[in-house]
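Here the structure comes first, spelled out in structure tokens, and everything after it is commentary.
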Amino acid sequence: MATPPVPPPVPNPNKVPTAIPGPGMPPPPGAPGLRPPPNMQQKGTVDEAGPEEPGDYAERSFWQIPFVQDVLPFITSLLIHLGILGLGLLTYKTVQMIVTVSKEPVIIPDATIIENAEVGGIPHPGLGGDETRDAAQDKFKEIPPESTGIAEKPSSNLTMQLVGGGAGENDDSAIAVGASSSAFGKGKGAGSGTGDRIGAGTGDGSGALAPFGIPGGGGGIGPKSPFMGVSGNAHRIVYLCDATGTMMNVFDDLRVQLRKSIDVLKPIQSFNVLFFQDDSFLFMDKANLLPATPENKRKAYEFLEQSVARGSTNPIPAIRAAFAQNPQPQLIYVLTDGFDAVSSYQEVIDEFKKLNPQKKVKVNTIMIKASEEPELEKVLQTIANDNGGLFKIVRKQDMAGMQ
């Protein structure tokens, strides 16, 4: 049988092998690379595949999308950190509000409703070295309640005071060795002293006897600020008073009442006095409340002596100055016999509403009454009600006899 003829080799000018070498076989020398045979069609890669040529690859999941891998983590981290910062800020503000509210004392604009009753508020327990608490003792009933002594039992000198007579120029029935009067004592007993107050005794006791009452008890929960028969327990007080021409007849009596009120303030309290007249006001200090120290009390007494009543009545500038005091007052006393230089009484009411929207400052109003003025009475009553305070009427003829 004859062998079939072998076909001639196909020309290969590029000398490129038409077959892929087997495993472990190196490509022929000089070959630039392997090319698929002419009859094999290569699929497009993932990056090369176009719309008409999808390529041989699986569809991407949501987490393989570049936006999800590159941008979404940054946005998520940013939102988490902003949320933490917001929560921290909210917590800080809440704690700050709680601390502020807890520190702010409850201001009682008036401690008593009964006329001429003891002022100061709820009884408190014990002395404890707290200057805002009154002394008391339960052994000697004859001691008047207004006594400012602190001793629980009398000394030998104090016994002489209780049985002694009055002094030559002294109105007090008791006399002591110390500052009490300017003359030697006279009467049924014996003793001497100078000044207008009861002096401190020496011996078994440490001073004049405390008022009779429950031992360690007192008259209030904090410092007092009685004025014109109205009282409060505020630490920061402003006296905002009328000093216009219509007050001339009672201005001296007003200065006496202011001095009495300032005199009983404690050093832990601060105060200021503003007199409104014309379109301005007189002030002890224009912008600051002053601690109730002996030195500042003397300044207040000098200011009262130098002030005179004149002009018309526009309280608006003084009202604004009262609320702008540093620190802000807790209690304002407003005393007047009328507002004759304002466009309307409603203007005064609106000014208090604007300056005291949260009612943090209590306002007690006192009307000095010479004749029937129902409209002014209604206005002052409204101001007191709107600002958590009390309203009181004092007749001009009663000013001189007020305690």
Side-chain angles (χ1 to χ4, degrees), residues 102-112 117-137 143-152 179 195-198 200 206-211 213-241 255-274 284-285 288-304 322 325-333 360-364 389-390 403:
S102 63
K103 288 183 178 180
E104 193 70 17
V106 177
I107 302 305
I108 304 175
D110 189 76
T112 59
E118 180 68 18
V119 297
I122 305 169
H124 49 68
L127 294 175
D130 188 346
E131 64 177 352
T132 67
R133 298 182 172 184
D134 298 336
Q137 50 83 27
I143 303 303
E146 64 270 14
S147 173
T148 57
I150 58 173
E152 294 185 0
D196 59 356
R197 296 189 181 275
I198 298 175
S206 59
L209 277 176
I214 300 174
I221 59 175
K224 306 170 187 177
S225 56
F227 177 55
M228 301 286 290
V230 184
S231 177
N233 69 329
H235 285 74
R236 303 188 296 273
I237 306 106
V238 170
Y239 302 92
L240 183 60
C241 300
R255 290 188 291 189
V256 170
Q257 295 300 321
L258 284 168
R259 180 165 181 150
K260 286 182 179 180
S261 182
I262 294 171
D263 190 51
V264 300
L265 296 179
K266 304 291 185 181
I268 60 173
Q269 295 174 284
S270 55
F271 72 103
N272 200 354
V273 181
L274 302 178
M284 182 181 155
D285 190 284
N288 298 295
L289 297 181
L290 303 178
T293 59
E295 181 180 357
N296 286 331
K297 288 183 180 182
R298 285 193 294 269
K299 291 180 181 179
Y301 302 152
E302 293 175 1
F303 169 71
L304 294 177
Q325 294 292 296
N326 181 34
Q328 188 180 56
Q330 298 169 323
L331 177 62
I332 297 177
Y333 288 104
K360 289 185 176 180
V361 182
K362 307 303 179 185
V363 180
N364 288 340
L390 293 177
Q403 298 297 320

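FYI, side chains are in, hydrogens and waters are out, and symmetry mates aren't considered; it's all heavy atoms of this structure.
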Show your reasoning for whether side chain to side chain contact (heavy atoms under 4.5 Å, CB included) applies to I332 and N364.
-> CA-CA 6 Å; I332 297 177; N364 288 340; over 6 Å; no
Under a 4.5 Å cut-off applied to non-hydrogen side-chain atoms, are [X] and [Y] in contact?
X	Y	result
D263	Y301	yes
Q330	K362	no
H235	S270	no
V256	K260	yes
N296	P291	yes
F303	V273	yes

Under the 3.5 angstrom rule, does the side chain of N272 hit a backbone N or O of L289 as a donor-acceptor pair?
-> no
Side chain of S261, backbone of P226: donor and acceptor closer than 3.5 Å?
-> yes
Residues that [X] engages under side-chain contact (heavy atoms from CB on, under 4.5 Å), provided they are two or more places apart:
X	result
P294	R298
A300	I262, F271, M284
N288	D285, N326

Please assess V361 against Q328 for the test side chain to side chain contact (heavy atoms under 4.5 Å, CB included), listing each intermediate value before the final yes or no.
-> CA-CA 8 Å; V361 182; Q328 188 180 56; 3.8 Å; yes
How close do Q325 and V238 get, heavy atom to heavy atom, and via which atoms?
-> CG-CG2, 4.1 Å
When every non-hydrogen atom of L265 is compared with those of A292, the smallest separation belongs to CB-CB, 3.7 Å
CE on M228 to CG on L258, rounded to 0.5 Å | 8.5 Å
Nearest 0.5 Å please: distance from the CG atom of L274 over to the SG atom of C241.
-> 9.0 Å
Ring geometry between Y239 and Y333 (parallel below 30°, tilted from 30 to 60°, perpendicular above 60°) | parallel
Identify, with sequence neighbours excluded, every residue that meets side chain to side chain donor-acceptor pair (under 3.5 Å) alongside Q269.
-> none
